[in-house]
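Step one of this worksheet: look at the structure below.
What you are looking at is a predicted structure, and each value in this text was computed from that prediction instead of being measured.
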Amino acid sequence: MTLIYFIIILSITIFVHELGHFIFAKKAGIYVYEFCIGMGPRIFKFKRKNDETEYGIRLFPIGGFCSMAGEGVEVDKNIPKDKNLQSKTWLQRFLTIVAGVMFNFIFALIILIIIGFLNGNPNNKPIISQVPVDSPSYEAGLMSGDLIKSLNGTKIDTIDKLLIEYQINYGKTLELEILRNGEIKKVTITPYETEDGYSYGFSLDSSVKYGFFEGIKYGFSKFFSLIEQMFLVITYLITGKLSLSNLSGPVGIYNIVGESAKAGLINLIYLTGYLSINVGFINLLPIPAFDGGRILFLVIEKIRRKPIKPEIENTIHGVGLVLLMILMVVITYNDIIRFFIN
């Protein structure tokens, strides 16, 4: 069942992204060769009447694409010039490229709001709920009701941000700034080393509020909180706090799907929303071969007031795609090593 869930979740996420490109490309009058889910050999295809686009499913459910005229280095002379991507207005090209990300974000937001309706809106303020006696946190002076304001010099305003900073600093001494009775106090927690890892000895307030508006509030707050987490991950990769071994590819996602399935359907739905945000966010990065790279070229074009030669831009994206494939091989190798070690 894990394999089935993996295929469904990945296919839905990719379909939503490529559907955004497809709809706006069609609306702009761009010639779309193929709209496909999956990579590798084609296992199913069809065409609609009076539609040039070929729709298909390919063997490996780890990608997908919306192939448009004007994306490649070579110009297709069989396609009318006015149906070429590069022949369209700046706004039409921008909307066509950014539409995939927009659809991923909107889809994820809808999922998170639905989860909020079903599960309520959990507290996201980093408030200490319990501090067991004889724990490192108790000995350090941490108390129930304390509000964490910073961790090792990093400002903390949500539980989501606290958790990622906790993971970065796991095993280290934690320097906390907490708000207690209107005063800022400093608490230093040195963890105990156990057979299962490190123990700090505190838990967070997990109270939940229910209602229509609480569901909407949860959807938006969780959405922006996850975006912030992804910004932090990219920042920590650049600064060296995180390494490439911390990233996951298809194999890692497969393992996560399996663990989420054990926790229930809601967790699988949440994972779908999370991955949709992830796909959208990564595609916004200003890297060649990503949507963000194409958007960067459009911004440069707007500043220069003239387009960059399509041959130059497409060549850069082609090189970026090769480098991306190499990166995926490295990440997948790390995933496989973790899979067999665990």
Side-chain angles (χ1 to χ4, degrees), residues 2 122-178 185-207 222 225-226 228-249 251-264 267-268 270-271 274-275 278 330-342:
T2 297
N123 168 64
N124 201 23
K125 290 183 179 180
I127 301 172
I128 303 298
S129 62
Q130 293 182 350
V131 183
V133 178
D134 296 331
S135 68
S137 296
Y138 183 85
E139 293 176 2
L142 199 64
M143 296 175 62
S144 175
D146 289 345
L147 175 65
I148 298 175
K149 302 295 289 183
S150 74
L151 188 156
N152 288 2
T154 301
K155 183 181 176 182
I156 301 296
D157 46 21
T158 65
I159 289 178
D160 290 331
K161 190 171 183 179
L162 173 64
L163 291 177
I164 193 170
E165 291 297 331
Y166 174 81
Q167 291 170 356
I168 293 293
N169 292 279
Y170 182 71
K172 303 176 183 177
T173 296
L174 301 185
E175 300 282 347
L176 299 181
E177 283 190 350
I178 55 103
K185 297 182 180 295
K186 293 186 177 181
V187 175
T188 301
I189 305 173
T190 302
Y192 295 158
E193 189 170 1
T194 68
E195 293 181 356
D196 300 323
Y198 293 90
S199 172
Y200 290 89
F202 67 86
S203 58
L204 300 168
D205 178 15
S206 57
S207 59
K222 193 67 176 179
S225 183
L226 290 174
E228 182 184 28
Q229 281 188 44
M230 291 172 194
F231 268 116
L232 287 173
V233 168
I234 295 298
T235 301
Y236 291 157
L237 283 171
I238 293 171
T239 58
K241 284 187 176 183
L242 286 174
S243 66
L244 288 179
S245 62
N246 295 106
L247 300 181
S248 290
V251 176
I253 294 172
Y254 175 85
N255 292 333
I256 295 170
V257 168
E259 293 302 315
S260 297
K262 295 176 184 177
N267 290 72
L268 284 174
Y270 174 83
L271 179 61
Y274 177 82
L275 288 178
N278 209 305
V330 173
I331 293 173
T332 301
Y333 172 78
N334 290 333
D335 281 343
I336 294 171
I337 295 298
R338 278 197 298 267
F339 180 79
F340 283 106
I341 290 176
N342 294 331

message = Before you tell me yes or no, could you show the steps for I128 and L204 under side-chain contact (heavy atoms from CB on, under 4.5 Å), namely the whole-Å CA-CA distance, both residues' side-chain angles and the distance that decides it to 0.1 Å?
response = CA-CA 5 Å; I128 303 298; L204 300 168; 3.9 Å; yes
key: Least distance between heavy atoms, E175 atom then N152 atom   =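 Closest approach of E175 to N152: N-OD1, 2.6 Å.
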note = Closest heavy-atom pair, T194 versus S199, reported as atoms and distance to 0.1 Å, is CG2-CB, 4.1 Å
So how far is it from [X] [atom1] to [Y] [atom2], rounded to the nearest 0.5 Å?
X	Y	atom1	atom2	answer
E139	D134	CD	CG	6.5 Å
L176	L151	CG	CG	5.0 Å
I156	K149	CD1	NZ	10.5 Å
Y200	T190	OH	OG1	9.0 Å
E228	I164	CD	CD1	9.0 Å
L174	N169	CG	CG	6.5 Å

task = Decide whether D160 and T158 meet the rule of one side-chain donor and one side-chain acceptor closer than 3.5 Å.
result = no
key: Non-neighbouring partners of Y138 that pass side-chain contact (heavy atoms from CB on, under 4.5 Å), sequence neighbours left out   =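 Testing Y138 for side-chain contact (heavy atoms from CB on, under 4.5 Å), a comparison that skips the adjacent residues, returns V131, V133, S135.
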inquiry  = Going by side-chain contact (heavy atoms from CB on, under 4.5 Å), name the residues that satisfy it together with S203, two or more places apart in sequence or in a different chain.
reply    = S129, Q130
message = Does Y170, at its OH atom, have more than 12 non-hydrogen atoms belonging to other residues, nucleotides or ligands within less than 6.0 Å?
response =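 Counting other residues, nucleotides and ligands, OH of Y170 exceeds 12 neighbours.
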key: Neighbour count >12 (heavy atoms, 6.0 Å) for atom OH, Y192   = yes
request  = Could you check if a side-chain atom of T154 sits within less than 4.5 angstrom of a side-chain atom of K161, using non-hydrogen atoms only?
outcome  = yes
task = Classify the ring geometry between Y274 and Y270 as parallel (under 30°), tilted (30 to 60°) or perpendicular (over 60°).
result =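 Because their plane-to-plane angle is under 30°, the rings of Y274 and Y270 count as parallel.
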Donor-acceptor contact present, side-chain D205 to main-chain I127, <3.5 Å = no
